[in-house]
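What follows is a short report on a single structure.
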Amino acid sequence: MHIGIIGAGNVGGTLAKRLAESGHEIAIANSRGPQTLQDLVGELGHRSHAVSASEAARFGDLVIVSVPFGRYDELPTKELKGKPVMDTGNYYPERDGHYPELDEDKTTSSEMVQQHLKGAHVVKAFNTLHAENMRDHARQSSAQERYGIPMSGDDPQAKRAIADLVEELGFQPVDAGDLATGGRKQQPGSITYEADFTADELVEALRQGS
Ligand SMILES: NC(=O)c1ccc[n+]([C@@H]2O[C@H](COP(=O)([O-])OP(=O)(O)OC[C@H]3O[C@@H](n4cnc5c(N)ncnc54)[C@H](OP(=O)(O)O)[C@@H]3O)[C@@H](O)[C@H]2O)c1
């Protein structure tokens, strides 16, 4: 699959390596420009290339957005229309600056990303798990226990596409609901955040958290 990745840090870089190993074609971007990503694309191999954020958005049949939340309004919009977009982002006011609508719990960070990316289909996923665990704790579906990954989104088809990717990456996707309800159950401070639950534990935690 053609996968665009916007954000090449801990999460974007880790997922890029895992996806390139699985044979996907990757176009990856950061904010400083493709010339700063040559070492990373060297590691990813010949099917991957460094591009601008707009080019990554255009390239991907599915696009992963993994930038500090405070930069979300820099994301390209028209190139993402109609596409499934996985948002790994979290709101940390000390890093991102204060957003009163989030501080007052009037909305969630991924709803704000969705609002910005009108016409794209945002699914919040892989935001609760540390990047090192994404790298080191993938397990096949036959394994007795796998980490569960909560996923929230408003578009069922996009959710299925992201769930397939989560599965392929070696984790168990667990539907947490729509961006408003599920998004709150997987944001920093929630019961699932950095909890490293197995899929069964995650299902139970999401049920209790409802
Ligand atoms: N670290 C974790 O374990 C973890 C786990 C789950 C979720 N998260 C969340 O996932 C997001 C990414 O975290 P991270 O730890 O990977 O961050 P990070 O290591 O700081 O990397 C952020 C990446 O985003 C890029 N970026 C920033 N603004 C951009 C823009 N406008 N266009 C394109 N690229 C842009 C940066 O590029 P430049 O360096 O060129 O500016 C950098 O490559 C955050 O919201 C974080 O809270 C993190």
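Remember, it's 1-based here, ligands and their atoms both numbered in the order they're listed. FYI, the numbering just counts along the sequence from 1.
For ligand 1, the atoms lying closer than 4.0 Å to a non-hydrogen atom of A8 are 23 (C), 42 (C), 43 (O). Per-residue contacts place G89 under 4.0 angstrom from the following atoms of ligand 1 (heavy atoms of the residue considered): 45 (O). Those atoms of ligand 1 that come under 4.0 Å of a heavy atom in I6, given as number and element, are 33 (C). In summary, the atoms of ligand 1 found under 4.0 Å from a heavy atom of A131, numbered by their order in the structure, are 2 (C), 3 (O).
Among pairs with a residue in residues 72-81, those fulfilling side chain to side chain donor-acceptor pair (under 3.5 Å) read R71-E74, at least two apart in sequence or across chains.
For the pair T128/D196, no side-chain contact is recorded, criterion being any heavy-atom separation below 4.5 Å from C-beta on.
A salt bridge does not link K83 with D61: none of the charged nitrogens is closer than 4.0 Å to a carboxylate oxygen.
With a 4.0 Å cut-off on non-hydrogen atoms, H130 touches ligand 1 through its backbone as well as its side chain. The backbone of L129, and not its side chain, has at least one atom closer than 4.0 Å to an atom of ligand 1 (non-hydrogen atoms only; backbone = N, CA, C, O). Here R95 has side-chain heavy atoms under 4.0 Å from ligand 1, and that is the only part of it that gets that close.
Taking the six-membered ring for Trp and thresholds of 30 and 60 degrees, F59 and H2 have nearly parallel ring planes, at less than 30 degrees apart. The aromatic rings of F171 and F126 lie perpendicular to each other, with more than 60° between the two planes, well past the 30° mark.
Among the candidates N90, N127, T192, the single residue satisfying the side chain to side chain donor-acceptor pair (under 3.5 Å) test with Q186 is N127.
When hydrogens are left out, the protein atom nearest atom 29 (C) of ligand 1 is S31 CB, 3.6 Å; that is the closest non-hydrogen contact. At the shortest separation from atom 16 (O) of ligand 1 among protein heavy atoms lies V11 N, 2.8 Å. Scanning the protein heavy atoms around atom 11 (C) of ligand 1, the nearest turns out to be V67 O, 3.5 Å.
Remark: F197 engages no residue in a ring-ring contact (aromatic ring centres under 6.0 Å, His included) (not counting sequence neighbours).
Comparing N10, T88, L75 by heavy-atom distance to atom 10 (O) of ligand 1, the nearest is T88.
Polar contact check, N127 against ligand 1: no nitrogen or oxygen pair lies under 3.5 Å apart.
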TODO: Test side-chain hydrogen bond (donor to acceptor under 3.5 Å, both in side chains) on Y91 and D103 and set out the steps.
DONE: CA-CA 10 Å; Y91 169 52; D103 294 339; 2.7 Å; yes
